[in-house]
Amino acid sequence: MPSSNPYADALAVLDVPPLTPARASIERALVEWMQEHARAAGDLTVCGLAQRAFVARSTVYANYRSVDDVLAVVESRLLAALMAAGKPLADRSRGVDSATDAYDAFVALLHAREREFRLLLEQVPSARFAAQWKRVLGWLFWERLFAGSAAPPAHDRPSTVNRALVLEMLAEAFIAAVRFWLAHPDQVGTAELKALIARLIHDIDEVW
């Protein structure tokens, strides 16, 4: 992985603890509680979480530092899945096909983990999750546009001045679109959206 990628810290999301039965029960219990009550993780005590997860209080502390740490791990697991789904995007050599593959993987993930997306983006929005997701998207786009073997020679690229701004705009727009999707699923046509994304990626590749 090229050290020049300024979003390299996003790879930390891949370092998540194995999902044991106890951790799965604890994390699921927290997500369900937050959804039912629309309250922050810190409003639930460790004892309350342990009771809901049907584990001992010591089991919670053996795996997490606090209830908020449980939520941080939930977020990291979803971010790791987002990184895996988006990985094809980093391969510019396949043109827009790699981007549409990433789109298909994301749509599948959104449907499979919709409960967590709704929690973290709508019900009890997590600024931490959104910020880390933007870093993940930044890493993927940077790899595609500036670090991969298929990227154009440096002298053919635009000035580096606006790179961070452009990637911030792309990431912010993508997450905002997912929020809209969750709030208005009847106003989203996946096939048409896929074609639009393919065109957008093609145009971005042409410029960058």
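Sequence neighbours left out, the pairs with a member in residues 68-81 that pass salt bridge (Lys or Arg N to Asp or Glu O under 4.0 Å) are Glu27-Arg77, Arg65-Asp69, Asp68-Arg128, Glu75-Arg128. Pairs passing the salt bridge (Lys or Arg N to Asp or Glu O under 4.0 Å) check and including a residue from residues 186-196, sequence neighbours excluded, read Asp104-Lys194. The stretch residues 166-181 participates, sequence neighbours left out, in these side-chain hydrogen bond (donor to acceptor under 3.5 Å, both in side chains) pairs: Lys134-Glu168, Lys134-Glu172.
Criterion: ILVMFWY side-chain heavy atoms under 4.5 Å apart, direct or through other members. Under it, Val188 and Leu200 are part of a common hydrophobic cluster. Hydrophobic clustering places Tyr61 together with Leu30 (ILVMFWY residues linked when any side-chain heavy atoms are closer than 4.5 Å, directly or through intermediates). The same ILVMFWY cluster, assembled from side-chain heavy atoms under 4.5 Å apart, contains both Leu193 and Val178. The hydrophobic cluster containing Ile26 does not contain Val16, counting ILVMFWY residues as joined when their side-chain heavy atoms lie under 4.5 angstrom apart, directly or transitively.
No side-chain donor-acceptor contact under 3.5 Å links Asp91 to the backbone of Lys87. Of the possible donor and acceptor atoms, none in the side chain of Arg57 sits under 3.5 Å from a partner among the backbone N and O of Ala50. For Ser25 (side chain) and Ala53 (main-chain N/O), a donor-acceptor pair under 3.5 Å exists by modelled atom type. The backbone N or O of Asp205 sits less than 3.5 Å from a side-chain atom of Arg92, completing a donor-acceptor pair. A donor-acceptor pair is defined here as one N or O able to donate and one able to accept, closer than 3.5 Å; such a pair exists between the side chain of Arg23 and the backbone of Pro18. Checked by atom type and distance alone, the side chain of Gln35 pairs as donor or acceptor with a backbone atom of Arg115 at under 3.5 Å.
Contact between Gly86 and Leu140 at its shortest, heavy atoms only, is O-CD2, 3.5 Å. Pairing each heavy atom of Ser98 with each of Pro88, the nearest pair is CB-O, 3.0 Å. The shortest non-hydrogen separation linking Ala99 to Leu89 is CB-CD1, 3.9 Å. Minimum interatomic distance between Ala10 and Trp139 (heavy atoms only, all atoms of both residues): CB-CB, 4.2 Å. Residues Asp97 and Thr100 share a closest heavy-atom pair of O-OG1, 3.0 Å. Heavy-atom minimum distance, Leu14 versus Met83: CD2-CG, 3.8 Å.
Considering only residues two or more places apart in sequence or on other chains, His184 meets the ring-ring contact (aromatic ring centres under 6.0 Å, His included) condition with Phe180. Taking the ring-ring contact (aromatic ring centres under 6.0 Å, His included) definition, one finds that Tyr103 meets it with nothing, sequence neighbours left out. Annotation: side chain to side chain donor-acceptor pair (under 3.5 Å) contacts of Arg113 (sequence neighbours excluded): Glu116. Under the side chain to side chain contact (heavy atoms under 4.5 Å, CB included) criterion, Ala84 pairs with no residue, sequence neighbours left out. With sequence neighbours excluded, no residue satisfies side chain to side chain donor-acceptor pair (under 3.5 Å) with Ser76. In this structure, the side chain to side chain donor-acceptor pair (under 3.5 Å) partners of His37, at least two apart in sequence or on a different chain, are Trp33. By the salt bridge (charged side-chain N to carboxylate O under 4.0 Å, His left out) test, Arg199 is found to be paired with Asp203, residues two or more places apart in sequence or in another chain being considered. Residues forming a side chain to side chain donor-acceptor pair (under 3.5 Å) with Arg52 (at least two apart in sequence, or on another chain): Glu36.
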- Task: Verify side chain to side chain contact (heavy atoms under 4.5 Å, CB included) between Phe129 and Leu121, making sure each step is shown before the conclusion.
- Result: CA-CA 8 Å; Phe129 174 74; Leu121 295 178; 4.1 Å; yes

- Item | Audit row: Phe117, Leu109, side chain to side chain contact (heavy atoms under 4.5 Å, CB included) steps and yes/no | CA-CA 10 Å; Phe117 279 107; Leu109 179 63; 4.2 Å; yes

- Where do Leu167 and Trp208 land on the side chain to side chain contact (heavy atoms under 4.5 Å, CB included) test, with the steps shown first? CA-CA 11 Å; Leu167 295 186; Trp208 292 91; over 6 Å; no

- Item | Working for side chain to side chain contact (heavy atoms under 4.5 Å, CB included), residues Ile175 and Leu137 | CA-CA 10 Å; Ile175 295 174; Leu137 290 167; 4.2 Å; yes

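No side-chain heavy atom of Arg144 sits under 4.5 Å from any side-chain heavy atom of Ile204. Side-chain atoms of Tyr64 and Leu49, non-hydrogen and from C-beta on, never get closer than 4.5 Å to each other. Put simply, the side chain of Met34 does not reach to within 4.5 Å of the side chain of Asp43, judged on heavy atoms. Inter-residue side-chain proximity for Gln132 and Val136 is flagged as unmet; no heavy-atom pair is nearer than 4.5 Å.
A distance of 10.0 Å separates CG of Leu78 from CG of Leu119, quoted to the nearest 0.5 Å. Distance check, rounded to the nearest 0.5 Å: CG of Leu82 to CG of Leu110 gives 9.0 Å.
Listed by chain and number, the hydrophobic cluster partners of Leu165 are Met169, where partners are ILVMFWY side chains within reach of under 4.5 Å, directly or through others.
A ring-centre distance under 6.0 Å is found for Phe174 and Phe106.
Relative orientation of the Trp142 and Phe146 rings is perpendicular, given thresholds of 30° and 60° on the angle between their planes.
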